[in-house]
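Shown next, in structure tokens, is the structure this report addresses.
Quick note on labels: first sequence line is chain A, next is B, and so on, each numbered from 1.
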Amino acid sequence: MPAHLTLHDTLTRSDREVSPLDGKTLRFYCCGPTVYGPAHIGNFRTFVAQDVMRRVVEASGTPTLHVRNITDVDDKTIRDSLKAGQSLIEFTQGWTAKFHADCDALNLLRPHIEPSAVAHIPHQIAMIEKLIANGHAYAAADGSVYFRVSSYKDYGKLSHLEDRELRLGASEAASATDSDEYTKDSLTDFALWKARKSEDGENFWPSPWGEGRPGWHLECSAMILEYLGEDFDLHSGGVDLIFPHHENEIAQSCCSTHGKFAHHWMHVAHLMVDGGKMSKSIGNLYTLEDLAKRGYSAAEVRYVLISGHYSAPLNFTMHSLDSARQALQKLAKADKALDRGSALLPTNPGPFAEAWETLLKDLNIPGALGAIFGTLNKLKPAALTSDEAASTRGGLHFMLLALGVTLPPVAEDSTTEVPADIQALAQQRWDAKQAKDWAKADILRKELDAAGWIIKDSKDGFVVLAK
RNA sequence: GGCGAGGUAGCAAAGUGGUAAUGCACUGGUCUGCAAAACCGGUAUGCGCGGGUUCAAUUCCCGCCCUCGCCUCCA
């Protein structure tokens, strides 16, 4: 299975083939979560898109090295840990565990390396020292260290922001009134090291510039250098990270090493809710737990999250979850019809070549899903011979593995236990039906329906299913 | 104001210089006592608006309108 995945590259604004620099392993980095609360489904849209990217690369025969950090030291983690009366470590470990549980529920492959920012402070300090030595950074009077943006001519290359536009940024006014920003030489300079403040509590570390803590942007640069080196294949995150986060990472890394840093940039567009942006104040910010309370599984959430192209905003609604549930059922039924008992061999796309080709073209997941259904509709699973069914099922599962889609049990195979009284009512209805007492049978069926149960008749009997 | 993304059927969402995948919903038929399920069909003369190029545009070009994101620590 040749690797031909192409992805849009934010830096060059073109679709480029994704292939490993070393010819063997695709090494990539994803900006991970800030662990100060449960991640919401918008966060997960990005992680799911990255997961499918990885799965597709691996399915095409190229191993990967997936690095995703945990941001466990920043304003929010410090603020909220103090509020919770916990140590920073204790606090962030709790939320990291929750994040992992959610990731597992969403069928996200665990990164091969998941570095923690607090565990890499020496690496960060080393990088700052290099930047100061190179003339790209300076220590301010208060003990903070800043990156001198004017010292790096390519600054703004990724986000395509000109120097002039940076200065005229809308937030300039807000920054200028921030007292601790006075120490910077230029408003566009950003912090590499933040001097200890009283509101940080006990969360500070020693450094050549005094006690303090690392800046957010630097954490990623330092960990990338440690695990992926000066040059690596691909860097990914949400679109909102393009500026300033990724722009700053490029500046820090390229000014402290001789490498080019990431050779490919993949950015995932935002998830919208009911046509607008998610926000706590509107009350449309959902976590997996919120949706579980409404009866939706993580697999259904995942399906919704992959139902739009990663580069375009995706509108999330409750109806889209219902739609996902039905679509998954349809796939599960097709799978069941294809299962004639032979061993499952998901080694190639088989008859789903069109879906696979589509997927390789800038990770067109919705297009691929459409092609999968289109192929199934054409093939008519139930009509295939055993051999055809086996190869079709292998192909189907090859695609499902690449997409990370897990099939639910087919509704009629549901293991939900039917209460004795319901079963008794259903039996009464069957008896009435056999006696051709349609009126009584219909009344009983309505009763069952009202109680949340559906009857499915066949020639020889009936089954009771939860609604 | 600058930069970027997007506007395709009731909802969601692919795609293409030659006449619109797919999922949900809806709907006709077969089946059924009637249903449900399953199976077989149907459903955008139309792709934000107005021009232009072309034999042909939803797809290319120009202008406009609307939505969303970013503009110093938000996936």
Side-chain angles (χ1 to χ4, degrees), chain A residues 10 13 30-34 39-50 71 74-76 149 156 159-162 164-172 174-175 178 181 184 187-191 194 215-219 236-245 247-248 267-272 275-279 303-304 307-309 311-317 319-328 330-331 333 337 354 358 364-374 376-377 380 382-383 411-412 433 436-438 441-442 445 449 454-459 462-463 465:
Chain A
T10 313
R13 299 191 188 189
C30 303
C31 287
T34 300
H40 55 71
I41 54 172
N43 296 314
F44 282 119
R45 182 188 188 193
T46 299
F47 300 133
V48 167
Q50 292 161 342
T71 297
D74 79 322
D75 292 339
K76 291 172 198 147
V149 169
S159 51
H160 302 95
L161 286 172
E162 296 302 320
R164 186 171 45 86
E165 290 156 0
L166 291 170
R167 290 220 183 85
L168 295 176
S171 317
E172 182 175 332
S175 305
D178 235 346
E181 301 290 340
K184 294 198 285 189
L187 280 170
T188 58
D189 292 349
F190 57 88
K194 298 180 142 190
W216 176 47
H217 311 301
L218 188 75
E219 298 171 1
S236 174
V239 281
D240 52 304
L241 296 184
I242 294 174
F243 188 87
H245 187 57
E247 200 70 74
N248 292 354
H267 287 103
V268 183
H270 277 176
L271 185 72
M272 319 281 288
K277 68 170 186 176
M278 273 192 299
S279 84
Y303 193 91
V304 171
S307 67
H309 189 94
S311 68
L314 172 67
N315 192 25
F316 175 87
T317 62
H319 180 256
S320 64
L321 277 171
D322 293 328
S323 180
R325 172 169 296 176
Q326 292 308 120
L328 285 168
K330 195 166 188 167
L331 287 172
K333 283 170 185 165
E354 185 193 343
T358 302
N364 187 349
I365 303 173
L369 284 170
I372 288 172
F373 282 108
L376 285 173
N377 290 342
K380 307 196 191 310
E412 55 198 272
K433 184 185 161 175
K436 297 198 190 298
D437 185 349
W438 312 130
D442 287 349
R445 187 167 61 198
D449 184 77
I454 293 172
I455 300 287
K456 278 178 70 176
D457 287 343
S458 60
K459 283 233 160 88
F462 63 94
V463 271
L465 297 172

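Looking at A:D442, its side chain comes within 3.5 Å of the base of B:rG33 through a donor and an acceptor atom. Put simply, the side chain of A:R445 and the base of B:rA36 share no donor and acceptor less than 3.5 Å apart.
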Are there any protein N/O atoms within less than 3.5 Å of an N/O atom in nucleotides 40-43 of chain B, and if so, which ones and at what distance?
| residue | atom | partner | partner atom | Å |
| --- | --- | --- | --- | --- |
| B:rC40 | OP1 | A:K380 | NZ | 3.1 |

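A:P366 comes within contact range of at least one nucleobase, with a heavy-atom separation under 4.0 Å.
In this entry the distance linking CD of A:Q50 with P of B:rA75 reads 12 Å, nearest Å. The distance between atom CE of A:M272 and atom P of B:rG4, rounded to the nearest whole Å, is 19 Å. B:rG6 atom P lies 15 Å from atom CG of A:N315, rounded to whole Å. Per the geometry, CG belonging to A:L241 stands 7 Å off P belonging to B:rA75, to the nearest Å.
Taking the side chain of A:K433 as heavy atoms from C-beta on, and the options B:rA36, B:rC34, B:rA14, the nearest nucleotide is B:rC34.
With rounding to the nearest 0.5 Å, the separation of CG in A:L376 from NZ in A:K330 is 9.0 Å.
For the P atom pair drawn from B:rA44 and B:rA9, the interatomic distance equals 12 Å after rounding to whole Å. Between the P atoms of B:rC65 and B:rC49, the separation comes to 15 Å (whole Å).
In terms of the side chain to side chain donor-acceptor pair (under 3.5 Å) criterion, A:T358 has no residue partners (sequence neighbours excluded). The ring-ring contact (aromatic ring centres under 6.0 Å, His included) test applied to A:F190 returns A:F147, A:H217, not counting sequence neighbours. Annotation: side chain to side chain contact (heavy atoms under 4.5 Å, CB included) contacts of A:H267 (sequence neighbours excluded): A:T10, A:L158, A:V239, A:I242, A:H246, A:W265. Taking A:D449 as the reference, A:K467 meet the salt bridge (charged side-chain N to carboxylate O under 4.0 Å, His left out) condition, with sequence neighbours excluded.
Mapping A:H270 and A:G370 onto RNA chain B via the closest heavy atom, the residue that lands nearer the 5' end is A:G370.
Counting only Watson-Crick or G-U wobble pairs whose defining distances are both under 3.5 Å, the stems of 3 or more consecutive pairs in RNA chain B are B:1-7 with B:65-71, B:10-12 with B:22-24, B:26-30 with B:38-42, B:48-52 with B:60-64.
At B:rG23, none of the side-chain N or O atoms of A:R325 fall inside 4.0 Å of OP1 or OP2 (strictly under the cut-off).
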